[in-house]
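Down below is the structure, laid out as structure tokens.
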Amino acid sequence: MNELLNVRNLKVIFPTERGIVRAVEGVDLHVKPGECIAIVGESGCGKSVTSLAMMKLLSSPPALMQADEMTFDGKNLLQLSEKQMLDIRGKDMSMIFQDALTALNPVMTIGRQLDEMFMRHTNMTRKEAMSASINALHLVGVPGPERRYFDYPHQLSGGMRQRVLIAMAFAIKPKLIIADEPTTALDVTIQAQVLDVLRKLQKENGTALILITHDLSVVAHMADRVYVMYCGKIVEHAPLRDLFTHPKHPYTQGLLSSVPHLSDESNRFVQIPDNVPSPLKKPSGCYFHTRCAYCTQECKERMPRLTDIGGDRMLRCHHPLGGE
Ligand SMILES: Nc1ncnc2c1ncn2[C@@H]1O[C@H](COP(=O)(O)OP(=O)(O)OP(=O)(O)O)[C@@H](O)[C@H]1O
Ligand SMILES: [Mg+2]
């Protein structure tokens, strides 16, 4: 198996004063070199905790994490020390966060921040780093990169700042980038432009990408495969096209129904009612049963298993849409 990242049975809990929050409940996922996968689900379903756990960036305490397997590029991440992880995070995996203003240093020009990235991870001199940084800004479509190099983060628009974060993530030529809601803070037109840049660099560099979002329309032109998460569990996994044309989980269909143009009119139209249950009080049986139009007694009583349904698809549902 030539997986770049392989995660099996990842669990993360947060013991809190009000009880134990089971944020991630046995997640399995894998990413091949150069592949783009998406993790999709509503707020609070465990997307960010999953990605932080995979980079071993969760602070413990409060987080308690365990997994049967977590290998990246042939290395067992579970056994690596923080010092070894620092090396991997700097060189082979990097992360793009949602909020560029917090991710960037406000008192350093963006040029200097890029320079430092190049100098820390390559043998470049300051002068070489400066021209690499200007080139990196050019590649992510920052206009007038020679001038913008001297700007501080607050002098750039949100879209431009996000491009700088993308430039920083690709600067070290990592094998894997995890982008957690990279465009959520941007308006729709800018969002599309930034996603285009991300996709272009991902393809050109052959970088594997984990794209995390609550918005299925974001993944429509990007991902090869999609994992749908609900209340800390994967509920459906499918190649992108199959997921969009034939969603099997009512939750996936609910997410799709909020994406304009993409929902097939012949599908049953299901809006997801109510809110995500509290992580301290998850429902019995299938966690989605309280919001599901197809709920039966069995759904209230028994958690469905994540089952291989063929065609590179996995499903956790007693009553799949469109039959088995
Ligand atoms: N430090 C913490 N202490 C207690 N609970 C936490 C902590 N961090 C996260 N959680 C809980 O873990 C669950 C998963 O959170 P996570 O941030 O992964 O959600 P998410 O899917 O990324 O949501 P969003 O779309 O809002 O970013 C949530 O219920 C959250 O409240
Ligand atoms: Mg999040």
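Order of listing sets the numbers, starting from 1, for every ligand and every atom in it.
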Query raised in the report: Does any N or O in the side chain of Glu301 come within less than 3.5 Å of the main-chain N or O of Gly285, such that one atom is a donor and the other an acceptor?
Result: no
Query raised in the report: Closest heavy-atom contact between Leu5 and Ile210?
Result: CD2-CD1, 3.8 Å
Query raised in the report: Protein heavy-atom contact under 4.0 Å for atom 25 (O) of ligand 1?
Result: yes
Query raised in the report: Are His237 and Tyr227 close enough that their ring centres sit under 6.0 Å apart?
Result: yes
Query raised in the report: Taking non-hydrogen atoms only, is Lys47 closer than 4.0 angstrom to ligand 1 via side chain, backbone, both or neither?
Result: both
Requested in this report: Can you label the angle between the Tyr152 ring and the His154 ring as parallel, tilted or perpendicular, going by 30° and 60°?
Outcome: parallel
Query - N/O separation below 3.5 Å, Gly46 to ligand 1 - result: yes
Query raised in the report: How does Cys45 reach ligand 1, if at all, at less than 4.0 Å between non-hydrogen atoms: by side chain, backbone, both, or neither?
Result: both
Query - Nitrogen or oxygen of Thr50 less than 3.5 angstrom from that of ligand 1 - result: no
Query raised in the report: Is there a protein heavy atom at a distance of less than 4.0 Å from atom 30 (C) of ligand 1?
Result: no
Query raised in the report: What residue and atom, counting heavy atoms only, is the protein's closest point to atom 12 (O) of ligand 1, and at what distance?
Result: Ala23 CB, 3.3 Å
Query raised in the report: Would you call Met229 a ligand 1 contact, heavy-atom distance under 4.0 Å?
Result: no
Requested in this report: Could you say whether the N/O atoms of Pro62 and ligand 1 ever approach to under 3.5 Å?
Outcome: no
**Report entry** Heavy-atom nearest neighbour in the protein, as seen from atom 20 (P) of ligand 1, with distance rounded to 0.1 Å
**Finding:** Gly44 N, 3.5 Å
Report task. Using distance alone, decide if ligand 1 has a nitrogen or oxygen within less than 3.5 Å of any nitrogen or oxygen in Ser48. Result -> yes
Requested in this report: Check the side chains of Tyr230 and Arg291 for a donor-acceptor pair under 3.5 angstrom, ignoring hydrogens and angles.
Outcome: yes
Query - Nearest-neighbour protein heavy atom for atom 18 (O) of ligand 1, which is reported as residue plus atom name and distance - result: Val49 N, 2.8 Å
